Structure formats: structure tokens, C-alpha cells
S.K.: 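A single structure is presented below for examination.
Worth knowing before you read on, the calculation uses all heavy atoms, side chains too, and leaves out hydrogens, waters and symmetry mates. Here the structure is a predicted model, which means the values were calculated and not measured. Numbering starts at 1 and runs along the sequence shown.
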Amino acid sequence: MAKPGASQADYDVARTRCEAQAWAQLPAAPSTYMVRPAYMSREGMNCVKNDHGSHDCNPREVWNPAVYGTKDANASGRETIVRACLLNDGWTPASS
């Protein structure tokens, strides 16, 4: 974002103020989601000596539990509030 005559410090102050407003309007709303479901995998062989002097071998199965993560359901809404706040304060998107 840019504003004629404003410095980086001015932007930092404005953004911090807008972020504070956004957090006040939309506090964190953590939600849990599954990153990877649980599954069985085969890892190597499990061999046992039998009565005939040879080995009985079967694949070794390993249980891999589900993996979960969290995300903030309000994160994108807060960024929208911050952007609107900055635009209302006279900041414009920086040209690329």
C-alpha cells in the first residue's frame, strides 16, 4: 500500500491500528481439520521360524493415525477488514 507523503513508519502505524480494529471485530476462531486420514502401511516383513526349519514371513502392517491441524476461520475476514481500513485511511494498493 502507498500514500503520497507517507513513510514506511506511517504505514506500519496505520496497519497496526487497522489490525487491532480487525482483531476486535473478528477474534481468532480456531477450527480443526484433518490433514491426513489414518491408514495402514506395510513396512518390511515380519518373519517367524516355523517347525520345519524355514521361516513364515508376512508383511508387517503399521497403523498410522490421522494427522490434524488448526486454522483460524476468521483470518481472511480480518485481512479484508484491514484492507478496507487502510483504503478508508487514504492508502492505495502499490503499483506492481
S.K.: At their closest point, which heavy atom of Asp10 faces which heavy atom of Gly5, and how far apart are they?
M.R.: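 Reported closest heavy-atom pair: OD2-O, 4.3 Å.
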
S.K.: Sub-3.5 Å donor-acceptor pair from the side chain of Asp72 to the main-chain atoms of Ala29, do we have one?
M.R.: yes

S.K.: Met1 pairs by side chain to side chain contact (heavy atoms under 4.5 Å, CB included) with which of Thr92, Asp89, Leu87?
M.R.: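 When Thr92, Asp89, Leu87 are each tested with Met1, the side chain to side chain contact (heavy atoms under 4.5 Å, CB included) holds only for Leu87.
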
S.K.: For the NZ atom on Lys71, are there more than 12 heavy atoms of other groups (residues, nucleotides or ligands in this structure) within a distance under 6.0 Å?
M.R.: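 Atom NZ in Lys71 is not crowded, with 12 or fewer foreign heavy atoms closer than 6.0 Å.
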
S.K.: When you compare the side chain of Val62 with that of Met40, does any pair of heavy atoms fall below 4.5 Å?
M.R.: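 Of all side-chain heavy-atom pairs linking Val62 with Met40, none is under 4.5 Å.
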
S.K.: Show the numbers, then the answer: is there a side-chain contact (heavy atoms from CB on, under 4.5 Å) between Leu86 and Tyr11?
M.R.: CA-CA 9 Å; Leu86 289 169; Tyr11 173 76; 4.0 Å; yes

S.K.: So which heavy atom on Cys57 is nearest to which on Met45, and how close?
M.R.: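 Smallest interatomic distance, heavy atoms only, reads CB-CE, 3.9 Å.
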
S.K.: Checking side-chain polar atoms at under 3.5 Å, does Asn50 have a donor or acceptor matched by the opposite partner on Asp56?
M.R.: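 There is such a pair (donor and acceptor under 3.5 Å, judged by atom type) between the side chains of Asn50 and Asp56.
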
S.K.: Taking all atoms of both residues into account, what is the closest heavy-atom pair of Leu26 and Gly77, and its distance?
M.R.: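 What the structure gives for the nearest pair is CD1-C, 3.6 Å.
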
S.K.: Does the distance from a Lys or Arg side-chain N to an Asp or Glu carboxylate O, for Glu61 and Arg42, drop under 4.0 Å?
M.R.: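 Arg42 and Glu61: salt-bridged.
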
S.K.: With hydrophobic residues grouped by side-chain heavy-atom distances under 4.5 Å, do Tyr33 and Val67 end up in a single group?
M.R.: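 Same cluster: Tyr33 reaches Val67 through Ile, Leu, Val, Met, Phe, Trp or Tyr contacts under 4.5 Å.
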
S.K.: Tell me the closest heavy-atom pair linking Lys3 and Gly90, and the distance in Å.
M.R.: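 The pair with the smallest heavy-atom distance is CG-O, 3.7 Å.
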
S.K.: If you define the side chain from C-beta out and look only at heavy atoms, does anything of Cys85 sit under 4.5 Å from Arg17?
M.R.: yes

S.K.: Is the shortest distance from a Lys or Arg side-chain nitrogen in Glu19 or Arg83 to a carboxylate oxygen in the other one below 4.0 Å?
M.R.: no

S.K.: Any donor and acceptor pair, going by atom type alone, linking the side chain of Asn46 with main-chain N or O of Asn58 inside 3.5 Å?
M.R.: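 No, the answer is negative, given that no donor and acceptor are paired below the 3.5 Å cut-off.
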
S.K.: To check you understand the geometry: which heavy-atom pair defines the closest contact between Tyr68 and Ala66, and what is its length?
M.R.: CE1-CB, 3.6 Å

